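I have placed the structure first, in the form of structure tokens, so that the comments after it can refer back to it.
Quick caveat: nothing in here was measured; it's all calculated off a predicted structure. In what follows, every chain begins at residue 1, and chains take the letters A, B, ... in the order their sequences are listed. Computed over heavy atoms, backbone and side chain alike; hydrogens, waters and symmetry mates excluded.
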2 protein chains.
Amino acid sequence: MSEEQHFNTLLQFFKVLGNESRLKILGLLANDERTVGELAALLELREPTVSHHLAAMKELGLIDVRVEGNNRVYWLKTQFLENLSRDIFSQTNLATLAANEAGDAWEDKVLRYYVVDGRLKDIPSKHKKRLVVLQWLCAQFEPGRRYHELELNERLRAYHPDCASLRRYMVEDRLMARDNANMYWRLV
Amino acid sequence: MSEEQHFNTLLQFFKVLGNESRLKILGLLANDERTVGELAALLELREPTVSHHLAAMKELGLIDVRVEGNNRVYWLKTQFLENLSRDIFSQTNLATLAANEAGDAWEDKVLRYYVVDGRLKDIPSKHKKRLVVLQWLCAQFEPGRRYHELELNERLRAYHPDCASLRRYMVEDRLMARDNANMYWRLV
DNA sequence: TCTCTATTTAGAAGATTATCTAAATAGAAG
DNA sequence: CTTCTATTTAGATAATCTTCTAAATAGAGA
């Protein structure tokens, strides 16, 4: 089962059981199989309402139905529950739930916000965000090449007027290094 | 924990996780603790929305929070999940979910429907319901006393015009017995 | 102290859901 | 064949939920 399918199965499962009437139905069917009419009387709901809930539970695979005369007898597929509880709640399976969301999404968002038309709208004051921006900035320079501070400032000014701060931050975060001759180069 | 509390905990649990955003948050926090802002960026939702979801998850006890400067770092209480999955899905626990609903509720409902102003609105054609009504009817007679068919009919007619059917059904279902002298008496 | 940042609270708009009544259906019973 | 019974389908209404914007709060940094 793909991660996305796993996510959706689980989501549907929680949605179906996250309802008072359906959770009661689950409890009733755990005790004994029941017809629609019996469930309606026990829950004090109308038959169409119960029928509607049963359809949702059946679609999920949680229950099944058997026809007896005019009655439809619904029963709990206990195997389904056992499988889910065993399978679902392990840490490793949980961790995959958000796979699509993780990764570079946040960094991308930060960059989209701060980099407008190839220039920095601002220097983020929060370190975590600033680091993202500085890493992007650093990547604009040639790896291995050495830049004199004057040239570096010139180039940084193309991104933001406060080139001195940018330069200092990049050194501070070990993205760039400098020697005694005021030469700078990329470390990452 | 009382049955009702158990039911409500479980219901809340399913409600909280039966939402796409919250289930994704669960997945993200299963990987790593996160601040509200990070979650908002990852999920592409506004901070207040995420904050709202986190509050629901925290109230349930599924996550907890730690303050770091201006940030609030949320993390998953994995213990909570493990306990739930182990505890909740056993057949015996499930069976107690509907305890409040079971019992006499259905019979009561049937009676409320058929008995109006102390008379029978109808004789149920479905055996299961008819039995409920007949048991109630039978209880209107003195236990131990013997009634002649004529007296019995007379009294039954006070409940429904078709006294003959009522009498036959009660014998058929072994609620009453009769002897060769057309005398009837309660069996239950 | 004053400002800035991350978060929460409040309140409103829009979507989804639960439930109902009325009508359709399919099978059972006469 | 007709009627009755249990259930489902359709459609409407009302409640609940999700999300948003705007404003309040509390702590950090300058």
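The side chain of Y74(B) places no N or O atom within less than 4.0 Å of a non-bridging phosphate oxygen (OP1 or OP2) of dA6(C). The shortest distance between the side-chain N/O atoms of S21(A) and the OP1/OP2 oxygens of dA18(C) is not below 4.0 Å. Taking 4.0 angstrom as the limit, H53(A) places none of its side-chain polar atoms (N or O) nearer than this to OP1 or OP2 of dT17(C).
Mapping P48(A) and R46(B) onto DNA chain D by nearest heavy atom places P48(A) at the nucleotide closer to the 5' end. The residue among P124(B) and T49(B) whose nearest nucleotide of DNA chain D is located toward the 5' end is P124(B). Both N19(A) and V67(A) sit near DNA chain C, but only N19(A) has its closest nucleotide nearer the 5' end.
Summarising the geometry, the separation between CZ on R22(A) and C1' on dT19(C) is reported as 12 Å, rounded to the nearest angstrom. One can place CD1 of I123(A) at 13 Å from P of dT5(C), the figure rounded to the nearest angstrom. If you measure from atom CG of N70(A) to atom P of dG30(C), you get 12 Å, rounded to the nearest angstrom. Atom P of nucleotide dC17(D) and atom CD of E20(B) are separated by 18 Å, given to the nearest angstrom. We find that CZ of R72(B) is positioned 9 Å from C1' of dT25(D), with the value rounded to whole Å. For the pair L54(A) CG and dT7(D) P, the computed distance is 10 Å after rounding to whole Å. With rounding to whole Å, Q12(A) atom CD is found 9 Å from dT17(C) atom P. The CD-P distance, from E68(A) to dT7(D), rounds to 11 Å in whole Å.
A side-chain contact (heavy atoms from CB on, under 4.5 Å) with V50(B) is found for one member of L39(B), L42(B), T35(B) and no other, namely L39(B). Under the side-chain hydrogen bond (donor to acceptor under 3.5 Å, both in side chains) test applied with Y184(B), the options R145(B), R167(B), E151(B), H148(B) reduce to a single match, R167(B).
Contacts of H52(A) with the nucleic acid, taken as non-hydrogen atoms under 4.0 Å apart, include base atoms.
The aromatic rings of F14(A) and F14(B) are tilted relative to each other, their planes meeting at an angle between 30° and 60°. By the 30° and 60° cut-offs, the orientation of the rings of Y159(B) relative to W136(B) is perpendicular.
Side-chain atoms of N31(A) come within 3.5 Å of backbone atoms of G27(A) as a donor-acceptor pair (strictly under, hydrogens ignored).
In the set dC20(C), dA6(D), dT8(C), dA6(D) carries the atom at the smallest distance from any side-chain atom of N71(A). Of the listed nucleotides (dC17(D), dT19(D), dT7(D)), dT7(D) has the atom at the smallest distance from the side chain of V36(A).
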